[in-house]
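Below, all heavy atoms of this structure are taken into account, side chains as well, without hydrogens, waters or symmetry copies. First listed ligand is number 1; within each ligand, the first listed atom is number 1. We count residues from 1, following the sequence as given.
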Amino acid sequence: MLRVAIVGTGNISHNHIQGYQAMGQRCEIVALVDIYPEKAQEKKDRYGLHQARVYSSHQQMLTEETDVDIVDVCTPPYVHAEISIDALHAGKHVLCEKPMAASLEECDAMIAAQKASGKTLSIIAQNRFTDAFWRLKAVVDSGLAGKICHAQVDSFWWRGHCYYDLWWRGTWEKEGGGCTLNHAVHHIDAIQWMLGFPTEVVAMMSNVAHDNAEVEDLSAAIFKYASGALTQLTASVVHHGEDQKIVIQGEKARISAPWATFASQSADNGFPQEKHNTQLEDQLETLFRSLPRLQWTLHSGQIDNFLSAIETHTAPLVDGMQGKRSLELITAIYQSAITRSVVTLPLSPQSEFYRTGGLLARAPRFHQKSASVANFSEVGAIPLGKNLDTGAAQ
Ligand SMILES: NC(=O)c1ccc[n+]([C@@H]2O[C@H](COP(=O)([O-])OP(=O)(O)OC[C@H]3O[C@@H](n4cnc5c(N)ncnc54)[C@H](O)[C@@H]3O)[C@@H](O)[C@H]2O)c1
């Protein structure tokens, strides 16, 4: 049985604790760490984790809990790298929340620590473990829709003004960025998982509705791929109703999450015929429906994958390199928006935006952070966007 320590016991820790508990005898939570130890104690009581000890620092936990196998990092982004690296150096496996780190240089240090330790490192990208994305990826991979021409990625979220009043949010230093980094990371991960890595990125960003935050609350980017295909991505926390979607246009058909397909056919003059290609649509539909539903979804799905990787000595689906790829795209979006230029990928380790502190030095402060709340009242698990199978909050 794998022994787990959770570091950071705020909002997202609910999803992690529930995920580990769902895995039955495969693991047990033996330590809870938070700089506000009363928050760790609250989780211990709420989830009946009677055997778990509470700590106020991860270093102390690592010193005292020598037989912990897994350190699960649920802290704000600016300490992800430090805690993950300390844990890997102590010989622990690490599951780290998104975004992987505050810079690509920090990602490299995490990947190096993973390699040196021989332990497993996985970065949260729980939306890969949804039927909507899992099946869409399989349909893309089948090639039935033909060569990919375009993707529309609507990473539409909505957050109230006071969202940015939490002490670590709304600053480039501690949150690391705005909605492009912290919300769209899920959809950026998904599109790079499905379509691969682009070669060029161009973007603009703004802050239109949160005058208590330094960071952006809206950005629009275009990715260009070696094939010539384009992705258009909007990252936002100003979209009422959070109507999130990914629509992919293949040469032969349109496919999407939420799932829908349409295959136009050409008339002799090139205009679309009224009768579309229902034979191809049926083939796509049959493939989509034939893919079995996932046993575990979202955080539970990724925790299952992470535990399996440790148990079977295989790589997890979302390893350090995969986590870094999303951050590289996000860094390119920021670099393009800040320097008002087209950015070529991969980013050079010599570039200032790659290095720790580089983005912090150049990022625009859209507004001053005007309030700092230590903790909001405890509400239990938070909504994590739209379930693209059902349209409900997940
Ligand atoms: N995967 C998702 O869908 C999802 C959703 C929300 C948040 N997140 C990510 O989870 C992380 C935490 O976000 P949250 O909303 O839970 O924030 P939160 O503020 O509710 O919780 C973070 C907790 O970490 C504690 N903490 C801060 N620094 C610490 C340190 N050095 N050592 C130990 N504990 C420390 C804080 O006191 C707090 O209790 C962020 O990286 C965020 O981007 C992911």
Side-chain angles (χ1 to χ4, degrees), residues 5-19 31-44 54-62 71-87 94-102 106 122-130 133 155 157 159 163-171 173-190 215 237 242 244 297-303 306 318 323 326-327 330 372-387 393-394:
I6 311 265
V7 183
T9 55
N11 288 326
I12 204 62
S13 71
H14 289 281
N15 305 69
H16 289 244
I17 294 169
Q18 289 168 12
L32 295 159
V33 185
D34 202 291
I35 51 173
Y36 292 98
E38 62 275 18
K39 294 181 76 174
Q41 184 65 43
E42 196 276 332
K43 302 299 172 303
K44 174 174 165 147
V54 166
Y55 293 89
S56 58
S57 93
H58 75 278
Q59 288 100 339
Q60 191 197 351
M61 181 277 293
L62 287 173
V71 172
D72 181 294
V73 184
C74 295
T75 60
Y78 73 103
V79 278
H80 284 180
E82 178 198 339
I83 297 170
S84 300
I85 291 169
D86 286 349
V94 171
L95 180 60
C96 180
E97 258 301 340
K98 62 79 189 164
M100 180 167 173
E106 284 189 354
S122 183
I123 311 301
I124 289 288
Q126 83 268 11
N127 284 277
R128 289 197 191 188
F129 301 88
T130 59
F133 282 6
S155 194
W157 305 74
R159 292 292 180 269
Y163 176 81
Y164 286 107
D165 289 345
L166 190 67
W167 61 275
W168 59 268
R169 289 201 194 117
T171 65
E173 187 202 347
K174 291 197 163 54
E175 192 173 0
C179 57
T180 317
L181 178 70
N182 285 297
H183 294 82
V185 62
H186 296 293
H187 298 109
I188 290 171
D189 171 74
V215 298
V237 284
E242 302 193 328
Q244 299 165 3
T297 59
L298 296 165
H299 279 84
S300 302
Q302 186 154 2
I303 286 170
F306 175 63
V318 193
S326 299
L327 195 71
I330 292 161
S372 186
V373 174
N375 284 301
F376 289 123
S377 55
E378 180 63 58
V379 291
I382 50 168
L384 302 181
K386 276 283 168 74
N387 179 328
Q394 63 187 11

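Contact annotation for His186 and ligand 1: only side-chain heavy atoms (C-beta onward) come within less than 4.0 Å of the ligand. At a heavy-atom cutoff of 4.0 Å, ligand 1 is contacted by no atom of His183, backbone or side chain. Of all the heavy atoms of Val7, the ones lying under 4.0 Å from any atom of ligand 1 belong exclusively to the side chain. In Cys74, the part holding a heavy atom less than 4.0 Å from any atom of ligand 1 is the backbone.
Of all heavy-atom pairs spanning His80 and Pro76, the tightest one is CD2-O, 3.2 Å. Closest of all the heavy-atom pairs between Glu97 and Cys74 is CG-CA, 4.2 Å.
Applying the 4.0 Å criterion to heavy atoms of Thr75 picks out, from ligand 1, the atoms 11 (C), 12 (C), 24 (O), 29 (C), 33 (C), 34 (N), 35 (C), 40 (C), 41 (O). Atoms of ligand 1 found under 4.0 Å from any heavy atom of His80 (numbered from 1 in listed order, with element): 41 (O). In the vicinity of Arg169, heavy-atom distances shorter than 4.0 Å reach the ligand 1 atoms 15 (O). Distances below 4.0 Å separate heavy atoms of Lys39 from the following atoms of ligand 1: 38 (C), 39 (O). Using a 4.0 Å cut-off to heavy atoms of Ile124, the atoms of ligand 1 that qualify are 1 (N). For ligand 1 and Pro77, the ligand atoms under 4.0 Å from any heavy atom of the residue are 41 (O). Annotation for ligand 1: atoms under 4.0 Å from non-hydrogen atoms of His299 are 1 (N).
Of the possible donor and acceptor atoms, none in the side chain of Gln41 sits under 3.5 Å from a partner among the backbone N and O of Pro37. In this structure a side-chain-to-backbone donor-acceptor pair under 3.5 Å is present from Arg169 to Tyr163. Remark: the backbone N or O of Val54 is not paired with any side-chain donor or acceptor of Lys44 at under 3.5 angstrom. Looking at Lys174, its side chain never comes within 3.5 Å of a backbone N or O of Tyr78 through a donor-acceptor pair. Put simply, the side chain of Ser84 never gets that close to the backbone of Ala81: no donor and acceptor are under 3.5 Å apart.
Atom 15 (O) of ligand 1 has its closest protein heavy atom at Asn11 ND2, 3.2 Å. Considering only non-hydrogen protein atoms, atom 17 (O) of ligand 1 sits nearest to Trp168 CZ2, 3.2 Å. Nearest protein neighbour of atom 21 (O) of ligand 1, counting heavy atoms only, is Gly10 CA, 3.2 Å. Here the protein heavy atom with the shortest distance to atom 27 (C) of ligand 1 is Pro76 CD, 3.2 Å. Looking only at heavy atoms of the protein, atom 24 (O) of ligand 1 is closest to Gly8 CA, 3.4 Å.
Salt bridge Arg159/Glu242: present, at least one basic N to carboxylate O contact under 4.0 Å.
Residue Ser13 places no N or O, backbone or side chain, under 3.5 Å from any N or O of ligand 1. Checked by distance only, ligand 1 and Tyr36 stay at 3.5 Å or farther apart across all their nitrogen or oxygen atoms. Polar contact check, Asp34 against ligand 1: a nitrogen or oxygen pair lies under 3.5 Å apart. Residue Ile12 has at least one N or O atom closer than 3.5 Å to an N or O atom of ligand 1. The shortest N/O to N/O separation between Tyr78 and ligand 1 does not fall below 3.5 Å.
Between Glu82 and ligand 1 there is no heavy-atom distance shorter than 4.0 Å. The closest approach between any non-hydrogen atom of His58 and ligand 1 is not below 4.0 Å.
For atom 34 (N) of ligand 1, the choice among Leu166, Ile35, Asn182, Ile83 with the nearest heavy atom turns out to be Ile35. Comparing Lys98, Glu97, Gln302, Gln126 against atom 43 (O) of ligand 1, the shortest heavy-atom distance belongs to Lys98.
Between Glu82 and Glu106 the shortest side-chain heavy-atom distance does not fall below 4.5 Å. With contacts defined as side-chain heavy-atom distances shorter than 4.5 Å, the pair Gln18/His299 does not qualify. Contact of the Ile303 side chain with the Leu95 side chain is registered, since non-hydrogen atoms from C-beta on lie closer than 4.5 Å.
For the 3.5 Å distance criterion, the side chains of His16 and Gln302 fail to qualify, holding no donor opposite an acceptor.
Ring geometry, Phe133 versus His187: the interplanar angle exceeds 60°, so the pair is classed perpendicular (tilted spans 30 to 60°).
Residue His58 forms a side chain to side chain donor-acceptor pair (under 3.5 Å) with just one option from Asp86, Thr75, Asp34, and that option is Asp86.
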(request) Assess whether side chain to side chain donor-acceptor pair (under 3.5 Å) is satisfied between Gln244 and His183, documenting all intermediate values. (result) CA-CA 11 Å; Gln244 299 165 3; His183 294 82; over 6 Å; no
